[in-house]
Amino acid sequence: MWNILGENSIYLDIPYKFKNKVMELTEDDEEGAKFKKLMKDADPSFMINGETEECCFIFKVPDEYTPEEIQLMADKTIAAIVKNDKAPVSVNNQEQKYKIIISNNKEPEIIGLRKTPGMTSVEVFKPIFASWTAAGKANPNTSGGFQI
């Protein structure tokens, strides 16, 4: 059974449980109120790296958020975890390695329903291919250049 900040959870609820528990643990002072407002607009997700068994909480925030606001979110999230004094994520009472990412960086979608226009898999790799034969960067494995 998954346990997120001391509360049992099923896998699908993990990012929302984490987000809500962090907001619950934050004080209601001026900074805490600002943090809660910022966190409400954050889109949480959760992933596990099967190879390293590291858990990752990801909060995607709107583009309008400033670096200072993102830093406030990071500071308050860490403070809430320390205040709780329970493992942020555990499975069968075994604490898991974890990391938290708060970012407004948007990766282009290569496939799927939300595919970014112009970002077919070839488009993504064209700059890489072009750099192989760019001026001053001769690649001995290609003769006469690389054409796309």
Side-chain angles (χ1 to χ4, degrees), residues 1-137 139 146 148:
M1 176 57 118
W2 289 92
N3 192 289
I4 305 301
L5 292 167
E7 292 187 13
N8 289 335
S9 179
I10 61 172
Y11 184 80
L12 295 174
D13 289 336
I14 290 173
Y16 307 102
K17 180 86 64 168
F18 185 83
K19 176 181 174 178
N20 293 335
K21 186 69 175 177
V22 166
M23 289 182 7
E24 177 186 308
L25 292 166
T26 301
E27 295 92 24
D28 287 326
D29 59 1
E30 184 178 327
E31 277 192 341
K34 184 175 182 179
F35 165 75
K36 289 176 183 180
K37 182 181 179 299
L38 294 169
M39 187 60 100
K40 281 184 182 173
D41 291 334
D43 182 25
S45 60
F46 178 77
M47 293 190 308
I48 301 172
N49 182 328
E51 188 174 320
T52 63
E53 298 181 1
E54 183 177 64
C55 299
C56 183
F57 296 96
I58 304 168
F59 292 95
K60 292 196 177 182
V61 299
D63 291 337
E64 305 83 52
Y65 283 22
T66 65
E68 293 79 17
E69 290 172 328
I70 293 172
Q71 185 63 53
L72 173 69
M73 292 178 72
D75 293 343
K76 290 296 183 180
T77 300
I78 292 168
I81 290 170
V82 170
K83 179 181 178 181
N84 190 52
D85 196 31
K86 296 206 179 2
V89 58
S90 63
V91 178
N92 297 329
N93 297 322
Q94 197 68 16
E95 185 172 353
Q96 305 296 301
K97 294 184 289 183
Y98 71 96
K99 63 183 169 185
I100 302 166
I101 298 172
I102 302 171
S103 175
N104 61 0
N105 184 35
K106 304 282 188 288
E107 293 283 331
E109 293 282 339
I110 298 173
I111 60 172
L113 296 175
R114 295 178 290 208
K115 186 169 91 173
T116 304
M119 292 308 277
T120 63
S121 58
V122 173
E123 293 296 321
V124 171
F125 295 110
K126 275 186 179 180
I128 297 168
F129 297 152
S131 72
W132 289 348
T133 58
K137 300 209 178 200
N139 186 338
F146 188 82
I148 299 178

Given side chains that start at C-beta, do those of [X] and [Y] come closer than 4.5 Å, heavy atoms only?
{"X": "Ile101", "Y": "Cys56", "value": "yes"}
{"X": "Val22", "Y": "Phe57", "value": "no"}
{"X": "Asn84", "Y": "Lys21", "value": "yes"}
{"X": "Phe59", "Y": "Leu38", "value": "no"}

Between atom [atom1] of [X] and atom [atom2] of [Y], what is the distance when rounded to the nearest 0.5 Å?
{"X": "Tyr65", "Y": "Ile102", "atom1": "OH", "atom2": "CD1", "value": "10.5 Å"}
{"X": "Cys55", "Y": "Met47", "atom1": "SG", "atom2": "CE", "value": "11.0 Å"}
{"X": "Ser45", "Y": "Ile58", "atom1": "OG", "atom2": "CD1", "value": "4.0 Å"}
{"X": "Asp85", "Y": "Leu25", "atom1": "CG", "atom2": "CG", "value": "11.0 Å"}

How close do [X] and [Y] get, counting heavy atoms only, and between which atoms?
{"X": "Ile81", "Y": "Pro88", "answer": "CG2-CG, 3.6 Å"}
{"X": "Thr77", "Y": "Met39", "answer": "OG1-CE, 3.8 Å"}
{"X": "Asp41", "Y": "Pro62", "answer": "O-CD, 3.8 Å"}
{"X": "Met73", "Y": "Ala42", "answer": "CE-CB, 4.1 Å"}
{"X": "Pro44", "Y": "Lys19", "answer": "CG-CD, 3.9 Å"}

According to the salt bridge (Lys or Arg N to Asp or Glu O under 4.0 Å) rule, which pairs have a member within residues 48-72, sequence neighbours left out?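 Listed by first then second residue: Glu54-Lys99, Asp63-Lys106.
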Please check: side-chain N/O of Asn8 versus main-chain N/O of Asn3, any donor-acceptor pairing under 3.5 Å?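 No, the answer is negative, given that no donor and acceptor are paired below the 3.5 Å cut-off.
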With Lys17, which of Ile10, Leu5, Leu12, Ile4 fulfils side-chain contact (heavy atoms from CB on, under 4.5 Å)?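 Among Ile10, Leu5, Leu12, Ile4, the one that satisfies the side-chain contact (heavy atoms from CB on, under 4.5 Å) with Lys17 is Ile4.
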So Phe46 and Trp2, would you call those rings parallel, tilted or perpendicular, with 30° and 60° as cut-offs? perpendicular
Residues Lys34, Glu31: salt bridge by 4.0 Å N-O rule: no
Using side chain to side chain contact (heavy atoms under 4.5 Å, CB included), reason through Lys76 and Lys36 one step at a time and then give a plain yes or no. CA-CA 9 Å; Lys76 290 296 183 180; Lys36 289 176 183 180; over 6 Å; no
